Amino acid sequence: MVRIEASILSADFARLGEQAREAEDAGVDGIQIDVMDGRFVPNITFGPGVVRALRPLVQVPLDVHLMVVEPERTVAWFAAAGADRLIVHQEACLHPHRVLQSIRELGVEVGITINPGTSVAVLEELIDLVDLVQVMTVNPGFGGQAFLYSQLTKIRRLREMLDARGLAVPIAVDGGIDPRTAPLVVEAGATVLIAGSSIYNSRATIAENVAALRASVS
């Protein structure tokens, strides 16, 4: 079954808790919180305080996507704040094995992600250590970007790599996911859809948008 997570990067920040609850009520399987430090990516967004504030408001898992340099310096903060899974960028980790192991020791799930310009080959020595692999289908830093169709080949290669090892690790995709692109990534092998601007927009309600996204891959 394909899981859908709402990225609150596209939510109304003045009503963040309310919009997280609306997404949960609409049937999403998780909330993704995009943490940006202004260094690894040009934008600056959330800190551990936002995770701590959202934790008692929703029952679905909170995925924290760390788009930060030296993520090993922050993982303990976000785990303590209530994150259920911490996702780090392979490109941001000088010693990725050590970072992934340190997340595991914190008692939360481990995720790793790669940018569009990074080969899936860099994950070959890491996929045994994680609970989820995320493929960025836009260049990270801002919501609402156009889907990069070149990443479909990467998703297929990653699915082949996981299947060859007999690993039941979910593949998440993040960026430009909407009812048009969602079926394409699912066909390529993705099982988790991270959606922001296609869930949080003025064209329809959150519930209607989630229903349309789920219908596109049903």
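Here the structure is a predicted model, which is why all the values come from computation and not from measurement. What's counted below: heavy atoms across the whole structure, side chains too, no hydrogens, waters or symmetry copies.
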Trainee: Is Q90 reaching over with its side chain to a backbone N or O of L123, donor-acceptor style, under 3.5 angstrom?
Mentor: no
Trainee: Taking all non-hydrogen atoms of both residues, which atom of A190 and which atom of V173 are closest, and how far apart?
Mentor: CB-CG1, 3.9 Å
Trainee: If we count only N and O atoms by modelled type, under 3.5 Å, do the side chains of E91 and T118 hold a donor and an acceptor together?
Mentor: yes
Trainee: Is M136 close to K154 at the side-chain level, that is, under 4.5 Å between some pair of heavy atoms?
Mentor: no
Trainee: Does V51 form a side chain to side chain contact (heavy atoms under 4.5 Å, CB included) with V35? I'd like the steps, not just the answer.
Mentor: CA-CA 10 Å; V51 179; V35 176; 5.6 Å; no
Trainee: Rounded to the nearest 0.5 Å, what separation is found between the CD1 atom of I103 and the CD atom of E109?
Mentor: 11.5 Å
Trainee: List the atom of P71, the atom of V88, and the distance in Å for their closest heavy-atom pair.
Mentor: CB-CG1, 3.8 Å
Trainee: Test of understanding: clusters of I, L, V, M, F, W, Y form through side-chain heavy atoms closer than 4.5 Å, transitively. Do I87 and L193 belong to the same one?
Mentor: no
Trainee: Any idea how F40 and H89 line up, ring-wise: parallel (<30°), tilted (30 to 60°), or perpendicular (>60°)?
Mentor: tilted
Trainee: Taking the side chain from R104 and the backbone from L129, do they hold a donor-acceptor pair closer than 3.5 Å?
Mentor: yes
Trainee: If only atom types and distance count, is the side chain of R52 paired as donor or acceptor with the main-chain N or O of A80 below 3.5 Å?
Mentor: no
Trainee: Can you name the nearest heavy-atom pair linking A26 to V210, along with the distance?
Mentor: O-CG1, 3.5 Å
Trainee: Looking only at non-hydrogen atoms, find the nearest pair between E24 and L57 and report the distance.
Mentor: OE1-O, 4.1 Å
Trainee: Test R55 against L62 for side chain to side chain contact (heavy atoms under 4.5 Å, CB included), laying out the working first.
Mentor: CA-CA 8 Å; R55 180 66 284 171; L62 297 180; 3.5 Å; yes
Trainee: With a 4.5 Å limit on heavy-atom distance, are the side chains of D34 and D174 in contact?
Mentor: yes
Trainee: Mind checking the CD-CZ spacing from E5 to R3? Nearest 0.5 Å is all I need.
Mentor: 6.0 Å
Trainee: Using only atom types and a distance under 3.5 Å, with no angle test, would you say the side chain of R214 pairs donor to acceptor with the backbone of G27?
Mentor: yes
Trainee: If you group Ile, Leu, Val, Met, Phe, Trp and Tyr by side-chain heavy-atom gaps below 4.5 Å, do V58 and V108 land in one group?
Mentor: yes
Trainee: Tell me, do W77 and V64 make a side-chain contact under 4.5 Å, heavy atoms counted?
Mentor: no
Trainee: Linking I/L/V/M/F/W/Y whenever their side-chain heavy atoms sit closer than 4.5 Å, directly or via other members, would L167 and L158 fall into one cluster?
Mentor: yes
Trainee: Examine distances only and state if a side-chain atom of T45 and a backbone atom of M36 form a donor-acceptor pair shorter than 3.5 Å.
Mentor: yes
Trainee: What is the minimum heavy-atom distance between G175 and T137, and which atoms define it?
Mentor: O-OG1, 2.6 Å
Trainee: Assigning hydrophobic clusters by single linkage (Ile, Leu, Val, Met, Phe, Trp, Tyr; side-chain heavy-atom cutoff under 4.5 Å), is L184 placed with V217?
Mentor: yes
Trainee: Grab the two heavy atoms, one from V28 and one from I199, that are nearest each other, plus how far apart they are.
Mentor: CG1-CD1, 4.4 Å
Trainee: So F46 and F78, ring-ring contact (aromatic ring centres under 6.0 Å, His included) or not? Walk me through it.
Mentor: CA-CA 11 Å; F46 309 115; F78 287 98; 9.9 Å; no
Trainee: I'd like to know whether L213 forms a side chain to side chain contact (heavy atoms under 4.5 Å, CB included) with I177, so could you lay out the CA-CA distance, the side-chain angles of the two residues, the decisive distance to 0.1 Å, and finally the verdict.
Mentor: CA-CA 9 Å; L213 190 59; I177 299 301; 4.2 Å; yes
Trainee: If I take atom CD1 from residue I171 and atom CE from residue M161, how far apart are they, to the nearest 0.5 angstrom?
Mentor: 9.5 Å
Trainee: Quick check for you: to the nearest 0.5 Å, what is the distance between S150 atom OG and I155 atom CD1?
Mentor: 9.5 Å
Trainee: Between Y200 and I8, is there a side-chain heavy-atom distance shorter than 4.5 Å?
Mentor: yes
Trainee: Got H97 and E125 here, is their nearest side-chain heavy-atom distance under 4.5 Å?
Mentor: yes
Trainee: Do R159 and T191 have side chains that get closer than 4.5 Å, going by heavy atoms?
Mentor: yes
Trainee: Is it true that D37 and R39 have a side-chain N and a carboxylate O under 4.0 angstrom from each other?
Mentor: no
Trainee: Between the main-chain N or O of G111 and the side-chain N or O of D131, is there a donor-acceptor pair closer than 3.5 Å?
Mentor: no
Trainee: What distance do H95 atom NE2 and S102 atom OG have between them, rounded to the nearest 0.5 Å?
Mentor: 12.0 Å
Trainee: CE of M67 to OG1 of T113: how many Å apart, nearest 0.5 Å?
Mentor: 8.5 Å
Trainee: Taking S216 for the side chain and A182 for the main chain, is one N or O donor matched with an acceptor at less than 3.5 Å?
Mentor: no
Trainee: Passes side chain to side chain contact (heavy atoms under 4.5 Å, CB included), Q32 versus Q134? Steps please.
Mentor: CA-CA 12 Å; Q32 184 159 122; Q134 182 169 292; 3.2 Å; yes
Trainee: Side-chain contact test, heavy atoms from C-beta onward, threshold under 4.5 Å: evaluate it for S10 versus N201 and give yes or no.
Mentor: no
Trainee: V130, I194: one ILVMFWY side-chain cluster at the under-4.5 Å cut-off?
Mentor: no
Trainee: If we only count heavy atoms from C-beta on, is the R156 to L152 side-chain gap below 4.5 Å?
Mentor: yes
